[in-house]
Asks: 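Structure below; questions to follow.
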Amino acid sequence: MTMKKKATALAAGAVAAGALVLGGWFGYQHLEQQVGSGEVLRGYDAYTPAGTAPHSENVFTGRVAAFEERRDIDHWTTDIYRVDVVSALRGDARGTVRVPFAADAEPAQRLVDGETYVFATQAKDADGYWLMYQGELKPVDDGQLAVWREAVALPMAPQESSSGS
């Protein structure tokens, strides 16, 4: 191989390696924006009760009292419902709470006033109790409630941080 061909091969390899590093960095930045700096959710499956309950601070049955509004929160079209807590399976949600619901499917699922659902949520913030469970919400029945009770009995997922705390 001539010296010119070796230099060309080395330059092409360096460009390819640089592209891979840059692509990985941009991918990491995208994921960090979604989860938040220092947050890790290992084993989180937003579409199953067993994958959601260990990561949820609150799991409760609640009757939808009313649809309040639809608005954009952090670039998500979000429906906000007023929900009367019927029973708490985990956590401290009591009384009437606000539940923001940003469905990730189109057409967006709407919750029905007067129906009772199981809600698995994060801790309360300024907008209410954000849903962790992203599966289809159906009016609660005995079978569904049994599955959620079993999921709530699983140990809570440890709060992990990439900062070593």
Side-chain angles (χ1 to χ4, degrees), residues 25-163 165:
W25 184 82
F26 281 119
Y28 172 77
Q29 294 301 314
H30 175 72
L31 288 175
E32 186 174 271
Q33 289 172 1
Q34 290 178 353
V35 177
S37 182
E39 296 177 29
V40 178
L41 294 178
R42 288 197 174 99
Y44 174 54
D45 177 358
Y47 296 93
T48 67
T52 304
H55 298 278
S56 301
E57 292 195 30
N58 299 285
V59 179
F60 59 91
T61 59
R63 185 175 304 108
V64 175
F67 168 80
E68 285 191 355
E69 65 178 317
R70 173 175 277 183
R71 63 185 165 115
D72 182 65
I73 300 176
D74 293 330
H75 309 292
W76 286 92
T77 300
T78 305
D79 292 339
I80 299 180
Y81 294 89
R82 192 171 61 248
V83 175
D84 296 325
V85 176
V86 175
S87 67
L89 303 176
R90 172 185 290 147
D92 60 5
R94 303 282 187 274
T96 300
V97 299
R98 295 176 75 213
V99 178
F101 178 51
D104 60 356
E106 289 296 328
Q109 178 185 359
R110 298 294 301 264
L111 303 182
V112 178
D113 288 359
E115 291 287 356
T116 301
Y117 301 88
V118 176
F119 297 94
T121 72
Q122 296 175 336
K124 182 179 178 184
D125 72 6
D127 293 308
Y129 289 89
W130 283 91
L131 288 175
M132 295 287 288
Y133 180 68
Q134 295 298 314
E136 181 181 4
L137 289 176
K138 298 177 186 175
V140 70
D141 60 28
D142 290 340
Q144 186 185 76
L145 194 54
V147 168
W148 276 101
R149 282 194 172 124
E150 188 176 305
V152 167
L154 296 170
M156 286 286 293
Q159 295 296 319
E160 298 183 37
S161 173
S162 63
S163 61
S165 57

Asks: Do you know which two heavy atoms are closest between Pro54 and Pro49, and how far apart they sit?
Replies: CD-O, 4.2 Å
Asks: Give, for atom CZ of Phe67 and atom CG of Leu111, the distance between the pair rounded to the nearest 0.5 Å.
Replies: 10.0 Å
Asks: For a side-chain contact (heavy atoms from CB on, under 4.5 Å) check, start with the C-alpha distance between Phe119 and Leu131, then their side-chain angles and the critical distance, and finish with the verdict.
Replies: CA-CA 7 Å; Phe119 297 94; Leu131 288 175; 3.6 Å; yes
Asks: Once salt bridge (Lys or Arg N to Asp or Glu O under 4.0 Å) is applied, what residue pairs with a partner in residues 126-144 remain, sequence neighbours excluded?
Replies: Arg71-Asp127
Asks: Would you say that more than 12 heavy atoms from the other residues, nucleotides or ligands in this model lie under 6.0 Å from the CD of Glu150, or not?
Replies: no
Asks: I would like to know whether Glu57 and Gln122 meet side-chain contact (heavy atoms from CB on, under 4.5 Å); could you show each step before the answer?
Replies: CA-CA 5 Å; Glu57 292 195 30; Gln122 296 175 336; 5.9 Å; no
Asks: Can you label the angle between the Phe101 ring and the Tyr81 ring as parallel, tilted or perpendicular, going by 30° and 60°?
Replies: tilted
Asks: Identify the heavy atoms of Asp113 and Ala66 that sit nearest to each other, and give their distance.
Replies: OD1-CA, 3.6 Å
Asks: For the CD1 atom of Ile80 and the CZ atom of Arg70, what is their distance to the nearest 0.5 Å?
Replies: 11.0 Å
Asks: Which atom pairs, one a donor and one an acceptor, fall under 3.5 Å between side chains of residues 84-96 and the rest of the protein, sequence neighbours left out?
Replies:
from  : atom 1 : to     : atom 2 : distance (Å)
Asp84 : OD1    : Thr96  : OG1    : 2.6
Ser87 : OG     : Thr61  : OG1    : 2.9
Arg90 : NH1    : Ala53  : O      : 2.4
Arg90 : NH1    : Ser56  : O      : 3.3
Arg90 : NH2    : Val152 : O      : 2.7
Arg94 : NH1    : Gly91  : O      : 3.4

Asks: Quickly, which of Val83, Val64, Val140 forms a side-chain contact (heavy atoms from CB on, under 4.5 Å) with Tyr117? Name it, please.
Replies: Val64
Asks: Atom CZ in Arg98, atom NZ in Lys124: separation rounded to 0.5 Å?
Replies: 9.0 Å
Asks: Testing the basics here: between Ala123 and Asn58, what is the closest heavy-atom pair and its distance to 0.1 Å?
Replies: CA-ND2, 4.1 Å
Asks: For a quick test of reading the model, state the closest non-hydrogen atom pair linking Arg63 to Gly114 and the distance between them.
Replies: CG-O, 3.5 Å
Asks: Please list, chain by chain and in numerical order, all residues satisfying ring-ring contact (aromatic ring centres under 6.0 Å, His included) with Tyr133, sequence neighbours excluded.
Replies: Trp148
Asks: Calculate, to the nearest 0.5 Å, the distance between atoms CH2 and CD1 belonging to Trp130 and Ile73 respectively.
Replies: 4.0 Å
